[in-house]
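Here is the structure we will look at.
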Amino acid sequence: MSAAEQAGQATLRTAGRAFLIDDLERVLLIHDRVDIDATDSHWITPGGGIEDGETIAEAACREVYEETGLVITLPSDAPSMYTEAVTFTFAGKYVEQVNHYFLVRVASDLPVRPAANTDDERLVGLGHRWWPLAELDASDVTREPRALVQLLRRALAAS
């Protein structure tokens, strides 16, 4: 299928995602396979698509809770610190998604346990990890967004 054909059949999504930074300036990332039957994996921030009636910030808070069990709060009209458009396939569907990322500080001793993962999330999920930025920067793991470390270093320096 050509890119134009895929684009015509794409699922369009807007997602709220969170850079969760703990007291030790580590970022929490979820380790997932890139698709249900894939062997490749990546490290991503908690987050996902908005549901009817939600703002992007509300979606980020709900998704963080569902995927990590952590309760975060953001004003419903909070501005995102970074936005990117991505395209990917998942479960046989072509997806065009705009990710809105929020920076959220959390305590370093909070337990992380998914509270309400979907069936698909359970199929692709490989775990989670608090990454020190220097270690993540030195690692060759695939991470999304690719500029995650640089974005966070700039944001943390400015705060």
Side-chain angles (χ1 to χ4, degrees), residues 11-35 40-88 90 95-159:
T11 299
L12 305 177
R13 292 182 72 198
T14 301
R17 309 194 74 81
F19 293 122
L20 299 177
I21 303 294
D22 74 0
D23 302 332
L24 303 173
E25 294 202 347
R26 299 176 303 174
V27 61
L28 180 65
L29 296 178
I30 307 293
H31 190 203
D32 281 346
R33 284 189 287 280
V34 296
D35 205 340
D40 293 343
S41 67
H42 58 178
W43 292 86
I44 61 174
T45 62
I50 62 172
E51 294 181 353
D52 289 341
E54 281 184 323
T55 67
I56 298 167
E58 290 167 342
C61 293
R62 176 185 48 76
E63 287 282 344
V64 164
Y65 174 72
E66 289 175 1
E67 295 177 3
T68 70
L70 301 178
V71 175
I72 63 168
T73 57
L74 292 165
S76 63
D77 61 349
S80 57
M81 68 160 279
Y82 177 69
T83 302
E84 70 170 353
V86 296
T87 57
F88 56 93
F90 187 81
V95 180
E96 292 182 2
Q97 180 166 294
V98 177
N99 290 318
H100 297 264
Y101 292 87
F102 299 88
L103 180 66
V104 181
R105 295 272 194 172
V106 297
S108 58
D109 59 350
L110 298 175
V112 177
R113 283 185 227 101
N117 274 351
T118 66
D119 289 341
D120 285 345
E121 287 167 336
R122 283 189 286 278
L123 286 172
V124 299
L126 299 170
H128 68 274
R129 179 175 174 198
W130 288 100
W131 283 88
L133 294 183
E135 187 178 337
L136 184 59
D137 194 29
S139 172
D140 63 356
V141 299
T142 302
R143 53 192 169 262
E144 301 295 335
R146 294 190 192 281
L148 183 148
V149 173
Q150 294 75 20
L151 289 167
L152 290 177
R153 282 185 173 149
R154 277 194 299 266
L156 294 171
S159 62

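One is the number of the first residue; the rest follow in order along the sequence.
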Quiz item: Only one of Leu28, Val64, Ile72 clears side-chain contact (heavy atoms from CB on, under 4.5 Å) with Val106; which?
Solution: Ile72
Give a yes or no answer on whether the side chain of [X] reaches the backbone of [Y] with a donor-acceptor pair at less than 3.5 Å.
| X | Y | result |
| --- | --- | --- |
| Arg17 | Asn99 | no |
| Arg122 | Asn117 | yes |
| Arg143 | Leu136 | yes |
| Glu63 | Pro46 | no |

With a 4.5 Å limit on heavy-atom distance, are the side chains of [X] and [Y] in contact?
| X | Y | value |
| --- | --- | --- |
| Asp137 | Arg153 | yes |
| Val27 | Leu152 | yes |
| Thr55 | Asp77 | no |
| Leu148 | Phe19 | yes |
| Pro145 | Leu151 | yes |
| Asp40 | Asp35 | no |

How far does [atom1] of [X] sit from [atom2] of [Y], to the nearest 0.5 angstrom?
| X | Y | atom1 | atom2 | value |
| --- | --- | --- | --- | --- |
| His100 | Glu84 | NE2 | CD | 10.5 Å |
| Leu20 | Phe102 | CG | CZ | 12.0 Å |
| Arg62 | Glu51 | CZ | CD | 3.5 Å |
| Glu96 | Thr87 | CD | OG1 | 6.5 Å |
| Trp43 | Thr142 | CH2 | OG1 | 11.5 Å |

Practice problem: Work out which heavy atom in Pro75 is nearest to a heavy atom in Ala57; give both atom names and the distance. | Solution: O-CB, 3.4 Å
Exercise. Provide the closest heavy-atom pair for Ala18 versus Val104 in the form atom of the first, atom of the second, distance.
Key: CB-CG2, 4.4 Å
Listed pairs under 3.5 Å, donor-acceptor, residues 125-133 side chains, sequence neighbours left out:
residue: Arg129; atom: NH1; partner: Glu135; partner atom: OE2; Å: 3.4
residue: Arg129; atom: NH2; partner: Glu135; partner atom: OE1; Å: 3.2
residue: Arg129; atom: NH2; partner: Glu135; partner atom: OE2; Å: 2.2

Quiz prompt | More than 12 heavy atoms from other groups under 6.0 Å of CZ on Arg13 | solution = yes
Quiz prompt | More than 12 heavy atoms of other groups within 6.0 Å of Phe90 CZ | solution = yes
Practice problem: Hey, could you give me each pair passing side-chain hydrogen bond (donor to acceptor under 3.5 Å, both in side chains) that has a residue in residues 18-32? Not counting sequence neighbours. | Solution: Asp22-Arg26, His31-Ser41
